[in-house]
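Notes follow once the structure below has been shown.
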Amino acid sequence: MAKVTVPEIRRKKERGEKITMLTAYDTPTARILDECGVDVLLVGDSVGSVVAGYPNTLPVTVEEMIYHTRAVVRGTERALVVIDMPFMSYQVSLEEAKRNAGRMIKESGAEAVKLEGGASMRETIKAIVDIDIPVMGHIGLTPQSIHKLGGYKVQRQREKLLEDARAVEEAGAFAVVLECVPEEVAREITSELSIPTIGIGAGPHCDGQVLVIHDLLGLLGDFRPRFVKRYVNLRPIISEAVKRYIEEVKEGLFPDEEHTFHLGDR
Ligand code: KIV
């Protein structure tokens, strides 16, 4: 079982092999996904909305990202672990961006950072790459810009998307996430760039795909963006198990003999 590295992710594009990426935020989930053979585990700042119950990703802190990433790293042997830089950890100055990226790698054990933004983040990506920290870019729908964008909408400005993608590659990123981009534009970017594109809501022509694990597992209820494929609907299964537990405790059926200790047990 060979460890997935940053150069290996780039080679996958050269070989025409699809890259698989999923989010993870805790040790047991990371262990399952890693054992299944996913290439990249992204500790996304989506942890804010998916796990912490924030209304969006903006409140997430560097400390929260480090805490969740350490948990994911402990459950991972093979996959490349990428940590998202949260809102305001890289936008203020190049110095702060480098300090936060360094701290996040040093304290979390992740192997690369991801940050949102295209042409406007060119210098920031370059500064972080210049201190030998691999950067994954993220363009298209960038959730940290939710207030500017006015909602989670498909981004259709072809010229801007191409300019952003080129800027991220030129700045030295090793891969780029394309979020909510029409498939025609994602295809054009993917064939033009030498670095891999990883799509979420960007159609089938990207070099890889990413989904939020809670969406794939059906843990979040019925609202689902069109690009989400729910591979299993765990929410009713979990509810059923919890309801049975409550009933059995109330009726005195749990714990039964099998789940009870006695003085004479060895
Ligand atoms: O935060 C996140 O989970 C992400 C992915 C959706 C790409 O950025």
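Nothing fancy with the numbering, it's 1 onward along the sequence. Whatever order the structure lists ligands and atoms in, that order sets their numbers, starting from 1.
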Interatomic distance, CG@D26 vs OH@Y67, rounded to 0.5 Å, equals 9.5 Å

Applying salt bridge (Lys or Arg N to Asp or Glu O under 4.0 Å), run through E184 and R158 and close with a yes or a no. CA-CA 9 Å; E184 299 82 353; R158 177 178 166 274; over 6 Å; no

Judged by atom type as modelled, is there a donor-acceptor pair below 3.5 Å linking the side chain of Q91 to the main-chain atoms of M88? yes

Going through the distances and angles, do E35 and R31 end up as a salt bridge (Lys or Arg N to Asp or Glu O under 4.0 Å)? CA-CA 6 Å; E35 284 168 4; R31 194 162 282 140; 5.1 Å; no

Using a heavy-atom cut-off of under 4.0 Å, does the side chain or the backbone of L42 touch ligand 1, or both, or neither? side chain

Near K114 (heavy-atom distance under 4.0 Å), the atoms of ligand 1 are 4 (C), 8 (O)

Atoms of ligand 1, numbered as shown, that sit under 4.0 Å from any heavy atom of H138: 8 (O)

Give the atom numbers and elements of ligand 1 that come within less than 4.0 Å of a heavy atom of I200. 6 (C)

Decide whether the shortest distance between a heavy atom of M21 and an atom of ligand 1 is less than 4.0 Å. no

Does any N or O atom in D84 lie less than 3.5 angstrom from one in ligand 1, N or O only? yes

Quick one: does E179 get an N or O within less than 3.5 Å of an N or O on ligand 1? no

Looking at G44, which atoms of ligand 1 are within less than 4.0 Å of one of its heavy atoms? 1 (O), 2 (C), 3 (O)

Between D45 and ligand 1, which residue portion shows a heavy-atom distance shorter than 4.0 Å: side chain, backbone, both, or neither? both

Using 30° and 60° as the class limits, which term best fits the ring planes of Y25 and H68: parallel, tilted or perpendicular? perpendicular

Within the structure provided, determine whether D39 and M21 are in side-chain contact (heavy-atom separation under 4.5 Å). no

Could you verify whether a donor N or O on one side chain and an acceptor N or O on the other, from H262 and D265, lie under 3.5 Å apart? no

I need the atoms of ligand 1 closer than 4.0 Å to a non-hydrogen atom of T23, numbered in the order shown. 3 (O)

Identify the heavy atoms of E183 and P204 that sit nearest to each other, and give their distance. OE1-CD, 4.0 Å

Residue, atom name and distance, where the atom is the protein heavy atom closest to atom 3 (O) of ligand 1: S46 OG, 2.5 Å

